[in-house]
Protein chains: 2
Amino acid sequence: MAGTEIKLTEQRRVILEELRKVRTHPSADAVYDLVRKRLPRISLGTVYRNLEAMSERGMIRKLGGCQCQMRFDADVTNHYHVRCLKCGRVDDVAVETCEVLERALRERSDYAILGHHVEFIGFCPSCRCAGEDERSDQPEGAGER
Amino acid sequence: MAGTEIKLTEQRRVILEELRKVRTHPSADAVYDLVRKRLPRISLGTVYRNLEAMSERGMIRKLGGCQCQMRFDADVTNHYHVRCLKCGRVDDVAVETCEVLERALRERSDYAILGHHVEFIGFCPSCRCAGEDERSDQPEGAGER
DNA sequence: ATATCTGCAAAAAGTTTGCTTTTTA
DNA sequence: TAAAAAGCAAACTTTTTGCAGATAT
């Protein structure tokens, strides 16, 4: 379904318009609240379904990368991660951390910056082979980036 | 409680040991399964509570950055984000994306890399002031990095 | 003794799904 | 009139919480 064409229904159009109006990166629930002002009869299920559908097609983007299940790491030294889009596997990455990024941001931002995290997205060795033919049943956020 | 000393109870010790054994970045539930092999009477609530307590103190790290609520962005161009540790606010960041990172990883990894995402962590302008005195009630993952 | 921690179970929060009706091509 | 989408509500998953009993200082 990720590659399928999509109908721009009124619900989807309004969701998209409202999402484009704000810079707050709202949660699904917050989108629901925004959209409901214009379409009081829309259901939360529709909002979820359409946010998912639109992010699969790259019309919008899901933030966070996590498939909404927290993961834990005993290694507290600074390092980056790769996440497999297909099976959800997470690995450490052999790239040295990029402190330049943080320095650059400190100059440009009003935030008090404590750190940063980098997550690469891709297909892990097993899934990149297995998935070459049946690229359809990717579990989560295939269109994320 | 983020700065409080913590007792290394048997449950915490086993959670930590099991987490250190694996490189799989397990979910809370997966940690529960690992730990239960050695402490069959431990409860999932305890695992959650202790993972949280230990990550608050920097003994372990939560991955994902997201406080387990997906957020959406209508801007699908490549850009990075900052997240406020205190209030959860997410902003765009005025740092150009760092393609070098991706190139470096492609050489070193067996993953098929599709992209990457950077999330900075810090305190937003409002919270950095408000929080200077009462630095105690940070909602999530204060010790994340 | 007193504060801390655990187990248990219930609740909350976030998300997905099944089914029926409505809309659109 | 057939396919796609919406509305609704129930189910499911993940995480949090209240409380009584256990542990440890």
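In what follows, chains carry the letters A, B, and so on, assigned in the order in which the sequence lines appear, proteins first and then strands, with residues in each chain numbered from 1.
- Contacts of B/D91 classified as salt bridge (charged side-chain N to carboxylate O under 4.0 Å, His left out), with partners at least two apart in sequence or in another chain: B/R89.
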Check nucleotides 10-12 of chain C against the protein and report each pair of N or O atoms closer than 3.5 Å, with its distance, or say if there are none.
none

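- In terms of the ring pair (Phe, Tyr, Trp, His ring centres under 6.0 Å) criterion, residue partners of B/H25 (sequence neighbours excluded) are, by chain and number, A/H81.
- If you take CG of B/L8 and P of C/dT6, they are 10 Å apart, rounded to a whole angstrom.
- Atom pair A/I6:CD1 and D/dA5:C1' shows a separation of 10 Å (rounding to whole Å applied).
- A heavy-atom distance below 4.0 Å to DNA chain C is reached by none of the residues of residues 16-25 of chain A.
- Grouping Ile, Leu, Val, Met, Phe, Trp and Tyr by side-chain contacts under 4.5 Å, direct or through others, leaves B/V100 on its own.
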Name every donor-acceptor pair, under 3.5 Å, that has one atom in a side chain of residues 36-45 of chain B and the other anywhere in the protein, sequence neighbours excluded.
residue	atom	partner	partner atom	Å
B/R36	NH2	B/D33	OD1	2.8
B/R38	NH1	B/E17	OE1	3.0
B/R38	NH1	B/E18	OE2	2.8
B/R38	NH2	B/E17	OE1	2.8
B/S43	OG	B/T46	N	3.2
B/S43	OG	B/T46	OG1	3.1

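- Of the charged side-chain nitrogens involved, at least one lies within less than 4.0 Å of a carboxylate oxygen, so that B/E102 and B/R106 count as a salt-bridged pair.
- We find that CZ of B/R36 is positioned 14 Å from C1' of C/dC8, with the value rounded to whole Å.
- For B/F120, the ring pair (Phe, Tyr, Trp, His ring centres under 6.0 Å) partners two or more places apart in sequence, or in a different chain, are A/H116.
- Distance CD1 (A/I42) to P (C/dT22): 17 Å, rounded to an integer number of Å.
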Return a single string for nucleotides 14-23 of chain D, one symbol per nucleotide in 5' to 3' order, where B is base contact, S is sugar-phosphate-only contact and - is none, cutoff 4.0 angstrom on heavy atoms.
SBBBB-----
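- Counting only heavy atoms from C-beta on, A/N50 has its side chain closest to D/dA6 among C/dT6, D/dA6, C/dG7.
- When rounded to the nearest whole Å, the span between CD of B/E5 and P of C/dA3 equals 14 Å.
- Here ring-ring contact (aromatic ring centres under 6.0 Å, His included) pairs that include residues 38-61 of chain B, with residues two or more places apart or in two chains, number zero.
- In the hydrophobic clustering, where aliphatic and aromatic side chains (Ile, Leu, Val, Met, Phe, Trp, Tyr) are joined below 4.5 Å either directly or transitively, A/V22 groups with A/L34.
- In terms of the side-chain contact (heavy atoms from CB on, under 4.5 Å) criterion, residue partners of B/A94 (sequence neighbours excluded) are, by chain and number, A/R108.
- Between A/Q11 atom CD and C/dT22 atom P there is a gap of 14 Å when expressed in whole angstrom units.
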The test is salt bridge (charged side-chain N to carboxylate O under 4.0 Å, His left out); show your working for B/R13 and B/E10 and say whether it passes.
CA-CA 5 Å; B/R13 190 171 47 72; B/E10 169 142 50; 3.3 Å; yes
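- Not one side-chain nitrogen or oxygen of A/T9 sits closer than 4.0 Å to the OP1 or OP2 atom of C/dT24.
- In this structure, OH of B/Y32 is placed 8 Å from P of C/dC8, rounded to the nearest angstrom.
- Of the candidates C/dC5, C/dG7, D/dA5, D/dA5 carries the atom nearest the A/R12 side chain, counting heavy atoms from C-beta on.
- In this structure A/D75 satisfies the salt bridge (charged side-chain N to carboxylate O under 4.0 Å, His left out) test with no other residue, sequence neighbours excluded.
- In this structure, the separation between CG on B/L51 and CE on B/M59 is 11.0 Å, given to the nearest 0.5 Å.
- With rounding to whole Å, A/E56 atom CD is found 15 Å from D/dA4 atom P.
- Of all nucleotides listed (D/dA6, C/dC8, D/dC8), D/dC8 comes nearest to the side chain of A/R41.
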